[in-house]
Amino acid sequence: MPQNRSTDIKLRSEEVQEILSQVPHWMIRWGNIVIFIILSLMLILSWFVRYPDIVTTEISITTQTPPEKLIARTSGRIEKILVSDRSKVKKDTPLAVIENTASYPDVFLLKSITDTLKINPDFKFPFEKLNALQLGDISSVFALFEKDYANYELNKDLQPYSVENNAQRYEAIQLKERLGLLEQQASIAQTELQLKKKELERYKKLFDNGVIALQEWETKNIDYLQNEKNIKSLNSQISQLHSSLNELNRSSKTTKINETKDQIIFFRNMAQSYNQLRKAIADWDLAYVLRSSIPGEVSYLQIWKENQTINVGENVFTVIPESSTQYIGKVKARTVNAGKLKPNQDVNIRLLNYPDREFGIVKGKVKSISLTPDKDGLLLIDVSLPKGLNTSYHKKITFQQEMGGTADIITEDLRLLERLLYQFRDLFRR
């Protein structure tokens with residue numbers, strides 16, 4: 001048997017005989033164990049290595065109050081520039097005026113008055129402060145307000161119904177005095193009639209007993225009837241006076257109603273024309289005045305000097321709001337994978353002006369997500385910056401309005417092993 005083994009070895013090449021004649025290397029003897037250990041370490045390492053699921057999109061960093069871009073609403077020449085470049089302005093500060101038919105100082109003066117006066121029963125308009133105004137398109141509206149205001153003031157000062165009211169009050173007093181006198185006369189006449197009745201009854205007994213003549217009895221009877229007639233006449237006069245008083249009272253109320261109605265009409269007309277005047281001033285201001293609605297710093301864009309012509313829709317000024325530590329990121333994300341986006345998710349921001357390899361990244365969190373996409377099919381997302389513009393390299397970024405960059409929204413903080421398992425799960429499903 002050994003002889004046969006030696007014969008088999010001789011039949012192979014010298015290289016094979018060299019390998020078979022030596023003891024195997026340790027790598028060959030322990031290779032499977034080494035491979036298993038390496039695979040185990042890779043699995044363990046893949047558990048600790050993070051491989052998050054992200055949605056990448058563009059982002060713009062701004063403040064809670066974004067910059068205001070003032071756009072020309074009317075074509076024309078710049079009549080007056082009221083501020084210089086890089087100057088600080090307050091809210092509602094006029095920056096420039098486009099040429100028009102009105103004198104802007106006159107309109108500004110009128111606007112300053114109408115902005116402070118409110119319509120109330122004690123409303124007073126200071127026409128004495130306004131002399132020979134050049135208001136252009138506002139002139140007709142101002143003239144209407146001036147006429148309605150004059151009617152209202154004349155009605156309030158002259159009180160045209162006061163004469164009629166005084167006459168009605170005086171007539172009511174006279175009627176009441178006459179009524180009182182007539183009622184007194186009627187009372188006296190009634191007492192006298194009672195006495196006449198008793199006297200007539202006595203004369204009737206005398207006439208029945210034949211003591212007096214028929215003529216004397218008839219005279220007393222006529223005298224009684226005449227007194228009764230006088231009482232009825234007095235009562236009729238009293239009734240007429242009551243009717244006159246009622247009619248006078250009705251007329252007084254009608255006069256009062258007409259007076260109140262005229263006061264309301266004059267006040268309403270004046271109030272309507274005043275509101276139309278304020279609207280006309282606001283329309284003029286909107287068309288010809290470039291005015292800041294926020295406090296901040298003015299930056300010239302398409303304007304350099306007076307008498308320069310600008311067109312509708314041109315950006316003329318930008319008002320940069322005052323410095324604020326409350327920064328916010330504005331993101332427009334596509335609807336692809338948008339179902340993964342949720343509030344409070346972490347966001348890694350890489351600014352274009354500050355390379356992340358040198359300055360690091362800015363950390364943020366998803367603050368809010370719009371419920372519906374915009375006209376371009378993009379979701380609007382607000383990203384808060386809890387640490388401001390401090391980067392991951394502990395560097396402070398100098399803020400500039402509308403700094404652009406890319407935002408990586410971490411939708412799910414996965415491990416590398418979990419991603420591998422997801423891949424296998426997809427394979428098995430297929």
Side-chain angles (χ1 to χ4, degrees), residues 72-74 76 79-80 82 90-94 96-173 245-293 312:
R73 295 182 176 86
T74 304
E79 179 180 353
K80 187 68 175 178
L82 303 173
K90 297 181 180 179
K91 183 180 179 181
D92 294 330
T93 300
V97 180
I98 302 174
E99 186 179 28
N100 61 94
T101 56
S103 172
Y104 75 88
D106 292 344
V107 181
F108 282 177
L109 175 59
L110 184 59
K111 177 177 171 57
S112 65
I113 295 174
T114 57
D115 286 345
T116 55
L117 293 179
K118 303 297 181 183
I119 291 293
N120 55 59
D122 299 327
F123 178 77
K124 290 286 185 182
F125 194 87
F127 283 99
E128 64 278 2
K129 296 181 180 179
L130 308 175
N131 295 317
L133 297 179
Q134 182 180 345
L135 301 178
D137 298 338
I138 308 175
S139 298
S140 59
V141 183
F142 181 75
L144 177 62
F145 164 68
E146 194 172 14
K147 179 178 72 70
D148 290 338
Y149 179 83
N151 292 336
Y152 170 73
E153 286 294 314
L154 287 174
N155 181 74
K156 186 171 65 173
D157 294 338
L158 298 180
Q159 297 181 354
Y161 288 93
S162 61
V163 176
E164 187 174 354
N165 288 330
N166 292 333
Q168 289 173 344
R169 282 194 295 268
Y170 179 76
E171 186 177 358
I173 292 172
L245 281 175
N246 290 334
E247 181 65 22
L248 184 62
N249 186 39
R250 186 184 66 81
S251 298
S252 298
K253 290 183 178 179
T254 302
T255 303
K256 186 65 177 176
I257 291 172
N258 292 334
E259 181 181 12
T260 304
K261 185 188 297 183
D262 285 351
Q263 290 176 353
I264 293 173
I265 291 174
F266 284 126
F267 181 79
R268 183 184 61 192
N269 292 340
M270 186 266 295
Q272 287 179 349
S273 59
Y274 181 69
N275 290 330
Q276 290 175 0
L277 175 62
R278 295 185 63 183
K279 180 180 181 299
I281 295 174
D283 292 341
W284 177 90
D285 191 86
L286 190 65
Y288 300 110
V289 180
L290 298 168
R291 186 184 297 271
S292 66
S293 61
V312 175

(request) Could you grab the distance from atom OG1 of Thr93 to atom CG of Leu82, nearest 0.5 Å is fine? (result) 10.0 Å
Throw together a table of side-chain donor-acceptor distances under 3.5 angstrom for residues 136-146, partners on residues two or more places apart or in other chains.
residue, atom, partner, partner atom, Å
Ser139, OG, Gly136, N, 3.4
Ser139, OG, Gly136, O, 3.0

(request) Report the residues that fulfil side-chain hydrogen bond (donor to acceptor under 3.5 Å, both in side chains) with Ser293, sequence neighbours left out, ordered by chain and then residue number. (result) Glu68
(request) Only counting residues at least two apart or in another chain, list the ones meeting side-chain contact (heavy atoms from CB on, under 4.5 Å) with Ala102. (result) Asn100, Val107, Trp284
(request) For Lys80, enumerate each residue passing the salt bridge (charged side-chain N to carboxylate O under 4.0 Å, His left out) test, keeping only those at least two apart in sequence or located in another chain. (result) Glu306
(message) Test side chain to side chain contact (heavy atoms under 4.5 Å, CB included) on Phe123 and Tyr149; report intermediate values, then the result.
(response) CA-CA 10 Å; Phe123 178 77; Tyr149 179 83; 3.8 Å; yes
(request) Starting at CD1 of Ile281, measure out to OG of Ser112 and round the result to the nearest 0.5 Å. (result) 9.0 Å
(message) Test of understanding: with salt bridge (charged side-chain N to carboxylate O under 4.0 Å, His left out), list the residues that count as partners of Asp283, not counting sequence neighbours.
(response) Lys279
(message) I need the full list of side chain to side chain donor-acceptor pair (under 3.5 Å) pairs touching residues 120-131, with sequence neighbours left out, sorted by first then second residue.
(response) Lys124-Glu153
(request) State which residues pass side-chain contact (heavy atoms from CB on, under 4.5 Å) with Tyr152; sequence neighbours excluded, sorted by chain then number. (result) Lys156, Phe266, Phe267, Met270
(message) How long is the straight-line distance from CG of Asp148 back to CG of Leu277, given to the nearest 0.5 Å?
(response) 11.0 Å
(request) Using the test side-chain hydrogen bond (donor to acceptor under 3.5 Å, both in side chains), find all partners of Asn269 that sit at least two apart in sequence or belong to another chain. (result) none
(message) Taking Ala271's backbone N and O only, do any of them form a donor-acceptor pair with Asn275's side chain (distance below 3.5 Å, no angle check)?
(response) yes
(request) Evaluate the side-chain proximity of Pro126 to Leu117: yes if any heavy-atom separation is below 4.5 Å, no if none is. (result) yes
(message) Quick one: does any side-chain atom of Thr74 pair with a main-chain N or O of Ala287 as donor and acceptor, under 3.5 Å?
(response) yes
(message) Show every salt bridge (Lys or Arg N to Asp or Glu O under 4.0 Å) that has at least one partner inside residues 97-113, sequence neighbours left out.
(response) Arg77-Glu99, Lys111-Asp115
(message) Within this structure, what is the CZ-CD1 distance for the pair Phe127 and Ile113, rounded to the nearest 0.5 Å?
(response) 9.5 Å
(message) Arg268: which residues meet the side-chain contact (heavy atoms from CB on, under 4.5 Å) condition with it, sequence neighbours left out?
(response) Ile265, Gln272
(message) If the condition is salt bridge (charged side-chain N to carboxylate O under 4.0 Å, His left out), which residues does Arg278 pass it with, not counting sequence neighbours?
(response) none
(request) Quick one: list whatever passes side-chain hydrogen bond (donor to acceptor under 3.5 Å, both in side chains) with Thr114, sequence neighbours left out. (result) none
(message) Testing Val289, Leu286, Val312 one by one against Arg73 for a side-chain contact (heavy atoms from CB on, under 4.5 Å), which residue passes?
(response) Leu286
